[in-house]
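A quick write-up on the structure given underneath.
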Amino acid sequence: MRFEVPDVRDVVMRILEVEDSFGDTKQDIYQCLQNHRRRIERNKQLVTASEYMQVLRIFLPDLLIRGISGEAGSKVHEELKKHIKEDSGLRTDVYQQVLEKASYRWGIPKGVQLIEGVVRILRDEYGWDWERYFEEAEAEKETNFISDKLLKVKYIGFKVRDLALSNFNANYAANDLHVVRVITRLGFLNYGYELLHDNSLEMGTDSAKRKNYLFLHGLILRLSALTGDEFSPSDLDRVLWHFGKSLCGARPRCGYCPVAEICPTGASRIGKL
Ligand code: SF4
């Protein structure tokens with residue numbers, strides 16, 4: 001059995017036309033991508049303008065999503081906006097209140113501990129200089145910013161940290177289940193062989209495993225490069241995530257898929273492989 005690995009840009013261009021079935025608004029994935037790009041640009045302006053509390057309120061909710069199990073961070077974000085407007089709101093009792101009102105389901109003491117850890121690092125070690133933090137993230141994008149002090153805070157792993165970073169830096173993506181599933185079905189893991197000279201990573205799709213996660217991070221940078229940088233890693237992440245939610249989910253709908261004729265899984269499922 002032989003198959004060709006599809007061209008990354010070709011796949012993305014086809015996927016952009018798919019209607020996104022996630023959320024209430026009817027739009028195609030191209031529009032989701034544009035909204036995502038605009039959001040990153042707006043967030044970057046907040047960093048440049050030293051709006052450090054606003055940046056914190058955008059960054060924190062994603063860190064609080066443990067294991068990315070489908071909990072949207074919007075409730076936490078809303079409550080943070082209401083209760084943490086200035087430095088005086090950076091208190092344990094306020095964090096508790098925020099999480100209670102947002103019906104935070106991963107354990108309020110754990111959430112409070114996480115927020116305290118993040119605030120301690122950004123306030124005491126960075127003096128709220130988010131720009132410096134994001135510059136460090138950019139400088140270490142190839143190695144997934146493993147020196148990040150936030151990774152020492154209990155309950156913060158690569159996945160949630162990268163989700164939070166992806167609001168501000170297009171070189172980061174969370175590599176969640178939906179994205180990794182689509183990447184695997186399309187045969188894109190095959191583009192990762194040239195990363196394997198590095199012993200700190202290992203080809204695999206279990207993003208809970210450090211070596212697999214680092215492989216997936218390297219892979220999405222490589223896929224982005226294969227589009228000639230037309231699509232950033234976070235563009236690819238958003239596009240594949242919405243596609244995974246809309247067409248290529250647990251039960252892929254290959255018969256309706258614009259990628260079926262070049263996708264190895266699709267070709268197999270519709271009997272052309
Ligand atoms: S053809 Fe099927 S498996 Fe391949 S991308 Fe489309 S829905 Fe997914």
Side-chain angles (χ1 to χ4, degrees), residues 1-37 67-70 72 159 162-163 166 170 172-195 202-209 212-213 215-273:
M1 182 168 64
R2 288 171 65 88
F3 65 88
E4 271 188 41
V5 183
D7 176 76
V8 183
R9 186 178 179 279
D10 187 7
V11 167
V12 175
M13 295 308 284
R14 291 173 190 231
I15 286 178
L16 289 178
E17 293 166 12
V18 172
E19 188 174 286
D20 175 39
S21 62
F22 181 74
D24 304 329
T25 324
K26 282 242 174 291
Q27 56 184 353
D28 55 33
I29 291 178
Y30 173 78
Q31 284 164 311
C32 300
L33 174 62
Q34 295 306 323
N35 294 341
H36 174 65
R37 286 175 169 175
I68 313 181
S69 301
K159 212 155 53 160
D162 290 355
L163 184 64
S166 70
Y172 286 85
N175 293 313
D176 92 333
L177 165 75
H178 305 285
V179 173
V180 174
R181 183 157 55 200
V182 176
I183 283 176
T184 306
R185 286 179 180 157
L186 285 163
F188 284 172
L189 292 178
N190 289 283
Y191 287 122
Y193 282 106
E194 63 189 68
L195 303 170
E202 194 170 281
M203 187 180 278
T205 57
D206 183 351
S207 57
K209 289 187 178 152
N212 282 184
Y213 191 94
F215 166 76
L216 292 167
H217 175 77
L219 179 66
I220 204 143
L221 291 179
R222 167 120 180 85
L223 297 180
S224 165
L226 287 170
T227 70
D229 295 327
E230 185 176 342
F231 298 99
S232 70
S234 98
D235 286 347
L236 295 177
D237 180 66
R238 286 298 82 196
V239 166
L240 298 176
W241 188 86
H242 283 281
F243 180 60
K245 283 281 186 185
S246 307
L247 259 188
C248 191
R251 292 187 187 165
R253 296 191 289 136
C254 304
Y256 301 91
C257 180
V259 183
E261 64 185 35
I262 54 171
C263 167
T265 307
S268 162
R269 287 170 65 90
I270 56 183
K272 290 201 171 161
L273 197 68

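Remember, it's 1-based here, ligands and their atoms both numbered in the order they're listed.
Any protein N/O/S atom under 2.8 Å from atom 4 (Fe) of ligand 1 was counted, giving 1 altogether.
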Q. What's the verdict on side-chain hydrogen bond (donor to acceptor under 3.5 Å, both in side chains) for Y213 and D162, showing C-alpha distance, side-chain angles and the deciding distance?
A. CA-CA 11 Å; Y213 191 94; D162 290 355; 2.7 Å; yes
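Screening residues 182-195 for side-chain hydrogen bond (donor to acceptor under 3.5 Å, both in side chains) gives E194-R222 as the qualifying pairs, with residues at least two apart or on separate chains.
Under the 4.0 angstrom criterion for non-hydrogen atoms, Y256 is not in contact with ligand 1.
Evaluation of the salt bridge (Lys or Arg N to Asp or Glu O under 4.0 Å) rule for R253 yields no partner, not counting sequence neighbours.
Checked against the 6.0 Å centroid criterion, the rings of H178 and F243 do not qualify as a close aromatic pair.
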List the atom pairs, donor and acceptor, that lie under 3.5 Å between side-chain atoms in residues 7-16 and the rest of the protein, sequence neighbours left out.
residue	atom	partner	partner atom	Å
D7	OD2	R9	N	3.3
D7	OD2	D10	N	2.9
R9	NE	E230	OE1	2.5
R9	NH2	E230	OE2	3.4
D10	OD1	R14	NE	3.1
R14	NH1	P258	O	3.1
R14	NH1	E261	OE2	3.4

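Salt bridge status for K245 with D20: absent, with no side-chain N to carboxylate O gap under 4.0 Å.
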